[in-house]
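Note that this is a predicted model, so its numbers are computed, not measured.
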Amino acid sequence: QVHLVESGGGLVQPGGSLRLSCAASGIGFTLTTMGWYRQAPGKQRELVATITTYGTTNYRDSVKGRFTISRDNARNTVYLEMNMLKLEDTAVYYCNLRRYDESNTYVIADYWGQGTQVTVSS
């Protein structure tokens, strides 16, 4: 049973920083992409950042230069360092783990955490 547990959310003023963590359990080393998605009230869930097993990253344009995603494969943990936070960053942030087959071609499964609230407010 794969579980993803996020932590690190909270209330922060504009311009502040937070670091989110997501620890995956119930899974050994596999070819995966781990990432962070967010969903604000009344809006669709959107991709924030992803990182592959080998460290290739991808960010949505609005967070480039402000957010940094990283992972520790030995600990099955992914992080999101969030700096210069803006009001529009307010959302529930969800950790995602996407598992691929041995050829790194096909998606086997998606796993999601329960989410952690990030509120940016003055």
Side-chain angles (χ1 to χ4, degrees):
Q1 189 81 19
V2 177
H3 289 93
L4 304 178
V5 180
E6 303 101 331
S7 62
L11 176 65
V12 64
Q13 294 185 349
S17 299
L18 287 173
R19 184 172 70 166
L20 306 182
S21 299
C22 173
S25 62
I27 189 171
F29 178 82
T30 59
L31 294 172
T32 63
T33 294
M34 298 188 73
W36 293 92
Y37 293 72
R38 66 188 182 187
Q39 187 166 21
K43 300 181 67 176
Q44 293 183 322
R45 186 174 299 186
E46 64 184 20
L47 184 148
V48 178
T50 61
I51 184 168
T52 70
T53 298
Y54 301 103
T56 301
T57 59
N58 181 54
Y59 300 89
R60 71 179 299 107
D61 287 343
S62 63
V63 307
K64 289 181 178 178
R66 299 190 297 121
F67 293 7
T68 302
I69 189 169
S70 61
R71 66 187 289 172
D72 184 340
N73 290 337
R75 295 179 178 270
N76 283 332
T77 301
V78 64
Y79 305 92
L80 185 67
E81 180 70 35
M82 308 166 66
N83 300 309
M84 297 177 286
L85 283 161
K86 304 176 180 179
L87 296 179
E88 54 263 40
D89 294 318
T90 296
V92 177
Y93 283 69
Y94 296 91
C95 179
N96 169 257
L97 185 152
R98 174 164 284 185
R99 184 178 180 181
Y100 291 86
D101 71 324
E102 293 181 350
S103 68
N104 200 28
T105 301
Y106 304 103
V107 175
I108 295 176
D110 271 317
Y111 304 95
W112 295 90
Q114 293 183 338
T116 184
Q117 177 71 48
V118 172
T119 301
V120 184
S121 177
S122 61

In terms of hydrophobic clusters joined by side-chain contacts under 4.5 Å, are [X] and [Y] together?
{"X": "L87", "Y": "M82", "answer": "yes"}
{"X": "V63", "Y": "V12", "answer": "yes"}
{"X": "L47", "Y": "V92", "answer": "yes"}
{"X": "Y37", "Y": "I51", "answer": "no"}

May I ask you to decide if [Y]'s main-chain N or O and [X]'s side chain share a donor-acceptor pair within less than 3.5 Å?
{"X": "N96", "Y": "Y111", "result": "yes"}
{"X": "E6", "Y": "Q114", "result": "yes"}
{"X": "S121", "Y": "T119", "result": "no"}
{"X": "T90", "Y": "V120", "result": "yes"}
{"X": "R66", "Y": "M84", "result": "yes"}
{"X": "T53", "Y": "T32", "result": "yes"}

Give, for atom [atom1] of [X] and atom [atom2] of [Y], the distance between the pair rounded to the nearest 0.5 Å.
{"X": "I69", "Y": "M34", "atom1": "CD1", "atom2": "CE", "answer": "8.0 Å"}
{"X": "I108", "Y": "D101", "atom1": "CD1", "atom2": "CG", "answer": "5.5 Å"}
{"X": "E81", "Y": "S21", "atom1": "CD", "atom2": "OG", "answer": "9.5 Å"}
{"X": "T33", "Y": "L97", "atom1": "OG1", "atom2": "CG", "answer": "8.5 Å"}
{"X": "N58", "Y": "T50", "atom1": "CG", "atom2": "OG1", "answer": "4.5 Å"}
{"X": "R71", "Y": "N73", "atom1": "CZ", "atom2": "CG", "answer": "4.5 Å"}

Review point. Can a donor-acceptor pair be found between the side chains of N83 and S17 at a distance below 3.5 Å?
Key: yes
Can you name the nearest heavy-atom pair linking [X] to [Y], along with the distance?
{"X": "C95", "Y": "V78", "result": "SG-CG1, 3.7 Å"}
{"X": "R38", "Y": "S62", "result": "NH2-OG, 3.8 Å"}
{"X": "P14", "Y": "S122", "result": "CD-N, 3.8 Å"}

Practice item. Could you name each residue pair satisfying ring-ring contact (aromatic ring centres under 6.0 Å, His included) that touches residues 42-94, not counting sequence neighbours? Key: none
Point to revise | Heavy-atom neighbours of R19 CZ exceed 12 at 6.0 Å | key: no
**Study point:** Exceeds 12 heavy-atom contacts within 6.0 angstrom, atom CD of E88
**Key:** yes
Review point. So do the side chains of R60 and E46 get within less than 4.5 Å of each other, counting heavy atoms only?
Key: yes
Review point. Between K64 and D61, does a salt bridge (Lys or Arg N to Asp or Glu O under 4.0 Å) hold up when you go through it step by step?
Key: CA-CA 5 Å; K64 289 181 178 178; D61 287 343; 3.1 Å; yes
Exercise for review: Could you check V2 against S25 for side-chain contact (heavy atoms from CB on, under 4.5 Å), going step by step and ending with a plain yes or no?
Suggested key: CA-CA 6 Å; V2 177; S25 62; over 6 Å; no
Review point. Salt bridge or not for R99 and D110, using N-O below 4.0 Å?
Key: no
Practice item. Would you check, one step at a time, whether the test side-chain contact (heavy atoms from CB on, under 4.5 Å) holds for L18 with L85? Key: CA-CA 8 Å; L18 287 173; L85 283 161; 4.2 Å; yes
